[in-house]
Amino acid sequence: MKILIATDKPFAPDAVKAIRQVFDNAGMETVLLEKYTEKSQLLDAVKDVQAIIIRSDIIDAEVLDAAKALKIVVRAGAGYDNVDLDAATAHKVVVMNTPGQNSNAVAELALGLMVYAVRNFFDGSSGSELLGKKLGIHAYGNVGRNVARIAKGFGMEIYAYDAFCPAEVIENDGVKALSSAEALYETCQFVSLHIPATDETKNSINHALLSKMPKKAVLINTARKEVINEAELVNLMEERTGFKYLTDIMPKNHEEMVAKFPNRYFSTPKKMGAQTAEANNNAGIAAAKQIVDFLVNGNTKFQVN
Ligand code: 3PG
């Protein structure tokens with residue numbers, strides 16, 4: 001059996017070593033395709049493999065068509081909006097993710113961005129503190145929970161809204177559960193986004209919602225760029241001169257944002273929330289083990305299609 005690790009944004013070298021070890025132990029061959037620049041390289045690499053580990057790499061119908069021997073794709077990470085699930089199902093390919101494995105890394109970055117915001121992008125001017133401030137966690141999944149745990153250490157007052165997670169689960173963590181996104185944005189000076197990109201959430205973070213936030217609002221996005229209505233965010237930031245937006249996913253209108261809001265907008269150059277040695281190891285090894293368990297034992301526990 002041949003397994004492809006296809007990562008435009010590579011794992012840490014030690015994580016690759018550990019992933020290879022899992023496949024070596026199972027008598028499977030590992031092939032590595034990193035930092036590829038053309039889709040044709042991916043199309044070529046998938047031809048004869050039974051399994052693929054990816055990160056934010058795009059697996060669409062064309063890739064699935066080219067992967068004649070493919071049985072399983074594992075997204076080493078949480079969000080699988082980069083995989084065409086319907087096409088995978090039509091090709092009888094199982095798709096899995098590795099929930100929770102990189103959540104702490106993303107959550108630490110979210111708090112890091114909050115500190116960067118309130119200290120005025122480390123420009124030397126007098127900033128403010130997170131202690132006692134209201135933080136709204138938009139979606140209380142694995143990352144949201146870790147954000148709550150870390151934010152408690154900062155002494156923040158923590159609120160969360162999640163359309164699917166029961167209020168008792170949120171309240172059990174000492175976090176105040178709110179019953180709507182509107183209530184969360186109305187209540188909290190800081191909002192950290194942890195919603196997936198779905199048909200329902202795309203463009204949903206819009207002017208109407210953001211304009212509810214209190215003065216000196218800070219919006220942190222370590223989730224997906226697609227959930228933001230970028231044009232409406234620009235309008236809002238033009239109207240609300242104290243509003244800051246910090247993101248780990250560079251928006252399409254990055255240049256415009258930099259030009260218009262140099263002291264209130266920041267984007268990492270490349271999504272780096274999960275880009276730690278620990279997260280690479282956790283998610284990569286979990287993905288490898290899930291592949292072996294599926295190919296050898298038929299275990300479909302983390303299947304998402
Ligand atoms: C995820 O969905 O797991 C995160 O967004 C991390 O994505 P990455 O593996 O591309 O860094």
Side-chain angles (χ1 to χ4, degrees), residues 3-16 18-19 32-37 39 42 51-60 63 73-85 88 95-113 137-147 150 162 164 192-202 205 219-228 246-252 267-291 302-305:
I3 321 295
L4 173 69
I5 305 173
T7 47
D8 167 45
K9 186 175 57 188
F11 290 122
D14 280 351
V16 175
I19 295 167
L32 191 59
L33 175 68
E34 290 181 328
K35 291 187 191 170
Y36 50 94
T37 49
K39 189 177 183 183
L42 180 63
I52 312 177
I53 294 179
I54 52 160
R55 295 184 65 179
S56 292
D57 308 79
I58 309 286
I59 301 294
D60 58 14
V63 175
V73 174
V74 180
R75 193 281 190 244
Y80 42 85
D81 47 301
N82 47 322
V83 181
D84 185 334
L85 294 187
V95 181
M96 295 184 186
N97 65 347
T98 64
Q101 299 291 346
N102 59 19
S103 318
N104 179 65
V106 179
E108 285 190 14
L109 185 74
L111 267 296
L113 290 172
I137 299 177
H138 192 167
Y140 203 68
N142 288 309
V143 182
R145 282 157 218 223
N146 276 288
V147 168
I150 301 166
D162 189 304
F164 306 101
S192 190
L193 289 169
H194 302 292
I195 48 177
T198 63
D199 288 346
E200 289 73 41
T201 64
K202 281 180 188 163
I205 308 305
L219 178 67
I220 303 290
N221 187 2
T222 55
R224 288 292 180 269
K225 67 170 184 275
E226 291 82 0
V227 303
I228 304 282
L246 291 87
T247 180
D248 186 32
I249 317 95
M250 192 176 281
K252 286 198 291 295
S267 173
T268 54
K270 197 161 206 176
K271 187 165 61 151
M272 53 181 288
Q275 196 61 325
T276 66
E278 293 88 343
N280 290 170
N281 251 305
N282 294 342
I285 295 171
K289 287 184 174 166
Q290 286 171 217
I291 286 173
F302 293 102
Q303 185 169 0
V304 294
N305 66 330

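Counting starts at 1 for both ligands and their atoms, following the listed order.
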> What is the closest protein heavy atom to atom 10 (O) of ligand 1, and at what distance does it sit?
Replying inline: Ser56 OG, 2.5 Å
> Strictly by modelled atom types, are Ser56 and Asn82 linked by a side-chain donor-acceptor pair under 3.5 Å?
Replying inline: no
> Quick one: nearest non-hydrogen protein atom to atom 6 (C) of ligand 1, plus distance?
Replying inline: Ala274 CB, 3.6 Å
>> Closer than 4.0 angstrom, basic N to acidic O: yes or no for Asp60 and Lys39?
In response: yes
> In terms of atom number and element, which parts of ligand 1 are under 4.0 angstrom from non-hydrogen atoms of Arg224?
Replying inline: 1 (C), 2 (O), 5 (O)
> Does at least one non-hydrogen atom of Lys9 fall below 4.0 angstrom from an atom of ligand 1?
Replying inline: yes
> Can you tell if the side chain of His138 reaches within under 4.5 Å of the side chain of Ile205, non-hydrogen atoms only?
Replying inline: yes
> Hey, looking at atom 5 (O) of ligand 1, which of Lys270, Lys271, Arg55 has the closest heavy atom?
Replying inline: Lys271
> Is a side-chain donor or acceptor of Asn280 paired with a backbone partner of Phe11 at a separation under 3.5 angstrom?
Replying inline: no
> Quick check: does any side chain N or O of Asp248 sit under 3.5 Å from a backbone N or O of Gly273, one acting as donor and the other as acceptor?
Replying inline: yes
> For Arg224, does its backbone N or O pair with a side-chain atom of Asn221 as donor and acceptor, under 3.5 Å?
Replying inline: yes
>> I'd like to check which ligand 1 atoms, numbered from 1 as shown, lie under 4.0 Å from a non-hydrogen atom of Gly79.
In response: 1 (C), 2 (O), 3 (O)
> If you measure from atom 7 (O) of ligand 1 to every heavy atom of Arg75, Gln275, Gln101, which option wins on shortest distance?
Replying inline: Arg75
>> Under the rule for side-chain hydrogen bond (donor to acceptor under 3.5 Å, both in side chains), what residues qualify as partners of Asp8, not counting sequence neighbours?
In response: none
> Using a heavy-atom cut-off of under 4.0 Å, does the side chain or the backbone of Asn102 touch ligand 1, or both, or neither?
Replying inline: side chain
> For ligand 1, which atoms sit closer than 4.0 Å to a heavy atom of Gly77?
Replying inline: 3 (O)
> Between the side chain of Gln290 and the main-chain N/O of Asn97, is any donor-acceptor distance below 3.5 Å?
Replying inline: yes
> Judging by distance only, is a nitrogen or oxygen of Ala78 under 3.5 angstrom from one on ligand 1?
Replying inline: yes
>> With a cutoff of 4.0 Å, is Met272 in contact with ligand 1, counting heavy atoms of the residue only?
In response: no
